[in-house]
Amino acid sequence: MKKVQVKRKFESFGFCSSNPYDPRAQKELVLHISNQIQKGNDFTIKMYSWMKISILKIKIHKTTKFDLADFRILYKNQELSLNNQDLEEYGIKNHVTLKLMARKQGQQLYFINSIHNILEESKKIQEYFQNAKWAVEGAFMKGITPKLTAFGTQGTYILEDQNHKPVAIFKPYDEEALAPNNPRGTRAKMNSPGLRQGILSGEGVDREVAAYLIDQSSQHYHNVPLTNYVQICHTAFHESEEYKQFQYEKIPIKEGSFQLYIKHDDNVGNFGSGLFPSLEARKIAILDIRILNCDRNEENILVRKKKINQPTGQTRQAYDYFLIPIDHGYAFPDCFKICRDEVVWYHWGQMAQPFTQEEKQFIEKIDPIKDIEILREKVKLREICLRNVRISTTLLKLGAQADLTIHDITEILYREDPDELSPIEIAISKAEYNYDNNIRVPKEYLNFKEKIFKNNLIQKSLEFDQSSLQIQERTKQGQPLIKLQIIDENENKNLKNDSIMKDKERQQTSDKKLARVGSQQEIKKCCKPMEKVWNEDFYSHIAYFLQQIIDNKLQEKCQSPRKYRPRYISEEVK
């Protein structure tokens, strides 16, 4: 039997994430280069959308004879800085105009740009963020460099203004713990297992922004400082020699999170927990439960004091205390392996107090599905991380309705012993088993969703449909989610037909790079397989088992008072 000759796929330098045999990728692009260095000497370059930025820079170098370290390429005010990305990933799919700008090494021309504007449509916040950027740029021009903090496990830089006052905190992607350019010595490849279980290296920046988005959706109830994505060019940033994309690039360009600096007096470690108001303390706890924070230590909560006007004759000054949560890079994990000692507020007395009516109203208005949609649209988080956030928020809402305290909810959510499962982990494992084996939720639980989201605007979309509980064909565990085939010459000829194109699109996965992995060998493993999606049946099982845990918790609290036995008196005492 003759073997079908497989067409060799290109693995050379400059290939892209899209399929080069796709007829849409064969279209040649004519890029108009607006030469801002030598005005009047504009030119054009022919490229393909699957070609990398490094090829574009080399072509410009051959045309203009400029040194590769002396120019920058901008598209829509965004620099094409990542040499290993292709044109399509920057949105260049048609004939466009690119700007060729000078990068003046001698004058130290540094800049700071916002990448993805995730801020709410408020002029005050937009101006606040823009003024902070201008203050940092002005400091760069006067020779004030970013300062690396003396503590921490990742690259955290303090950005100052012209008066040497801190303006913002910058955390780059590639300088996180176990990332390629970590300045503390803990280096590894991107997406390596991080210092906390359930979080990979290079994901902390997205979690910083996601925590602010959660607070933004709640009208800034938790007081998270303003955080956004930025791109900064400066020589002060750390870059390892073995991970440099090009050795001639002298000024590294970093992308990361830009968090405004908040004036404060100290952190909570230098105060007694009894000084903090109950509402301020529980705001932090509610946020950590919503985002599943794995690292809420004493240094991650700032304290700001405000004097209280005292009546005449009072000698001792009194203060109001306000708490500010920061550093959320270890939130949104993909598992629930979190211990109670990871959150500093677990032992505070305010957590044993019941919720006030205002807090209950706030928790009732929380919409976890809307929060997940916002995060899925603006931040790159894995699907299982979003699933866990919805589960923890559901527990918070159910616990508040049952008059549980933060301390009771924490005992359900976090582990007491690192080697023992928490109650919520047991509930999730039961729900996954029932969901995979098509076990129905009890009849008396069908309308329970109306109780969870009774005051939300999404009530109609969450009404439980009994027909959805019928046995359906689902992908069982162990079955491959992606079917990949080798593309031969005959298939490439037939790709021009519209009918075959539609069939190919149905089998495509979310990872574009699968089309170019491997040359003559079959693809056994894929880097980013399609993530599992959980529908409303699964969350119904979750809510059912969580309610059982809460009911058991209430029975423990409502047990009859303990009967004391008479004290034993030894014979010697007699």
(request) Determine, for Tyr539 and Arg390, whether the Lys NZ or Arg CZ falls below 6.0 Å from the six-membered ring centre while staying within 45 degrees of the axis. (result)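 Yes; both conditions hold, so Arg390 lies above the ring face of Tyr539.
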Side-chain contact, heavy-atom cut-off 4.5 Å: [X] with [Y]?
{"X": "Pro180", "Y": "Met190", "result": "yes"}
{"X": "Leu29", "Y": "Ser49", "result": "yes"}
{"X": "Thr393", "Y": "Ile366", "result": "yes"}
{"X": "Asp265", "Y": "Val303", "result": "no"}
{"X": "His234", "Y": "Ile112", "result": "no"}
{"X": "Leu80", "Y": "Ile92", "result": "yes"}
{"X": "Thr156", "Y": "Phe151", "result": "no"}
{"X": "Leu396", "Y": "Ile286", "result": "yes"}

(message) Show every salt bridge (charged side-chain N to carboxylate O under 4.0 Å, His left out) that has at least one partner inside residues 419-430, sequence neighbours left out.
(response)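 Residue pairs passing salt bridge (charged side-chain N to carboxylate O under 4.0 Å, His left out), neighbours aside: Arg415-Glu425.
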Expected output: side-chain [X] to main-chain [Y] donor-acceptor under 3.5 Å:
{"X": "Ser392", "Y": "Ile289", "value": "yes"}
{"X": "Ser201", "Y": "Asn191", "value": "yes"}
{"X": "Asn131", "Y": "Glu127", "value": "yes"}
{"X": "Asp215", "Y": "Val224", "value": "yes"}
{"X": "Ser218", "Y": "His220", "value": "no"}
{"X": "Arg207", "Y": "Ala331", "value": "yes"}
{"X": "Asn182", "Y": "Arg187", "value": "no"}
{"X": "Lys397", "Y": "Ile363", "value": "yes"}
{"X": "Tyr414", "Y": "Tyr346", "value": "no"}
{"X": "Thr410", "Y": "Ile406", "value": "yes"}

Is atom [atom1] of [X] surrounded by more than 12 heavy atoms (other residues, nucleotides or ligands) closer than 6.0 Å?
{"X": "Arg304", "atom1": "CZ", "result": "no"}
{"X": "Lys337", "atom1": "NZ", "result": "no"}
{"X": "Glu416", "atom1": "CD", "result": "no"}

(message) In terms of relative ring orientation, are Phe276 and Trp348 parallel, tilted or perpendicular, with 30° and 60° separating the classes?
(response)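 Tilted: the ring planes of Phe276 and Trp348 meet at 30° to 60°.
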(request) Take Ile214 and Leu375 through the test side chain to side chain contact (heavy atoms under 4.5 Å, CB included) and record every step on the way to the result. (result) CA-CA 8 Å; Ile214 291 292; Leu375 296 179; 4.0 Å; yes
Would you compute the distance between atom [atom1] of [X] and atom [atom2] of [Y] and round it to the nearest 0.5 angstrom?
{"X": "Lys133", "Y": "Tyr128", "atom1": "NZ", "atom2": "OH", "value": "15.5 Å"}
{"X": "Phe332", "Y": "Cys294", "atom1": "CZ", "atom2": "SG", "value": "10.5 Å"}
{"X": "Leu287", "Y": "Ile291", "atom1": "CG", "atom2": "CD1", "value": "4.0 Å"}
{"X": "Ile374", "Y": "Leu386", "atom1": "CD1", "atom2": "CG", "value": "12.0 Å"}
{"X": "Glu89", "Y": "Lys52", "atom1": "CD", "atom2": "NZ", "value": "9.0 Å"}
{"X": "Leu279", "Y": "Gln350", "atom1": "CG", "atom2": "CD", "value": "10.0 Å"}

So, for [X] and [Y], which heavy atoms are closest and what is the spacing to 0.1 Å?
{"X": "Gly399", "Y": "Ile409", "result": "CA-CD1, 4.1 Å"}
{"X": "His264", "Y": "Leu302", "result": "ND1-CD1, 3.6 Å"}
{"X": "Pro146", "Y": "Leu159", "result": "CB-CD2, 3.6 Å"}
{"X": "Pro225", "Y": "Pro325", "result": "CD-O, 3.2 Å"}
{"X": "Gly155", "Y": "Leu148", "result": "CA-CD1, 3.9 Å"}
{"X": "Lys283", "Y": "Tyr221", "result": "CD-O, 3.3 Å"}

(request) Output, in order, the C-alpha distance, side-chain angles, deciding distance and verdict of side-chain hydrogen bond (donor to acceptor under 3.5 Å, both in side chains) for Asp295 and Asn297. (result) CA-CA 6 Å; Asp295 184 25; Asn297 54 54; 3.0 Å; yes
(request) Among Arg387, Arg382, Gln197, Glu383, find the residue that satisfies the side-chain contact (heavy atoms from CB on, under 4.5 Å) test when tested with Asp334. (result)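 With Asp334 as partner, Arg387, Arg382, Gln197, Glu383 yield a single side-chain contact (heavy atoms from CB on, under 4.5 Å), made by Arg382.
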(message) If the threshold is 4.0 Å, N to carboxylate O, is there a salt bridge linking Glu160 and Lys165?
(response)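 So Glu160 does not pair with Lys165 through a salt bridge.
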(message) Checking side-chain polar atoms at under 3.5 Å, does Lys57 have a donor or acceptor matched by the opposite partner on Asn83?
(response)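 Asn83 and Lys57 do have a side-chain donor-acceptor pair below 3.5 Å.
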(request) Check whether the ring centres of Phe258 and Phe129 lie less than 6.0 Å apart, and answer yes or no. (result)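 For Phe258 and Phe129, the ring centres are under 6.0 Å apart.
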(request) Can you spot which of Tyr212, Phe362, Phe322 makes a ring-ring contact (aromatic ring centres under 6.0 Å, His included) with His222? (result)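 Testing His222 for a ring-ring contact (aromatic ring centres under 6.0 Å, His included) against Tyr212, Phe362, Phe322 leaves exactly one candidate, Phe362.
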(request) Verify side chain to side chain contact (heavy atoms under 4.5 Å, CB included) between Asn267 and Ile301, making sure each step is shown before the conclusion. (result) CA-CA 6 Å; Asn267 56 55; Ile301 305 178; over 6 Å; no
(request) Take Val209 and Asn228 through the test side chain to side chain contact (heavy atoms under 4.5 Å, CB included) and record every step on the way to the result. (result) CA-CA 6 Å; Val209 178; Asn228 201 354; 5.6 Å; no
Throw together a table of side-chain donor-acceptor distances under 3.5 angstrom for residues 169-179, partners on residues two or more places apart or in other chains.
from   : atom 1 : to     : atom 2 : distance (Å)
Lys171 : NZ     : Glu208 : OE2    : 2.9
Lys171 : NZ     : Asp327 : OD1    : 3.1
Tyr173 : OH     : Asp206 : OD1    : 2.7
Asp174 : OD1    : Lys254 : NZ     : 3.3
Asp174 : OD2    : Asn181 : ND2    : 2.7
Asp174 : OD2    : Lys254 : NZ     : 2.9
Glu175 : OE1    : Tyr157 : OH     : 2.6
Glu175 : OE2    : Tyr157 : OH     : 3.3
Glu175 : OE2    : His238 : N      : 3.1
Glu175 : OE2    : Lys254 : NZ     : 3.3
Glu176 : OE1    : Gly202 : N      : 2.9
Glu176 : OE1    : Glu203 : N      : 3.4
Glu176 : OE1    : Gly204 : N      : 3.1
Glu176 : OE2    : Gly204 : N      : 3.1
Glu176 : OE2    : Val205 : N      : 3.0

(message) I'd like to know whether Ile326 forms a side chain to side chain contact (heavy atoms under 4.5 Å, CB included) with Ile262, so could you lay out the CA-CA distance, the side-chain angles of the two residues, the decisive distance to 0.1 Å, and finally the verdict.
(response) CA-CA 10 Å; Ile326 61 170; Ile262 303 297; 6.0 Å; no
(message) Before you tell me yes or no, could you show the steps for Arg296 and Glu342 under salt bridge (charged side-chain N to carboxylate O under 4.0 Å, His left out), namely the whole-Å CA-CA distance, both residues' side-chain angles and the distance that decides it to 0.1 Å?
(response) CA-CA 6 Å; Arg296 179 63 75 191; Glu342 303 294 342; over 6 Å; no
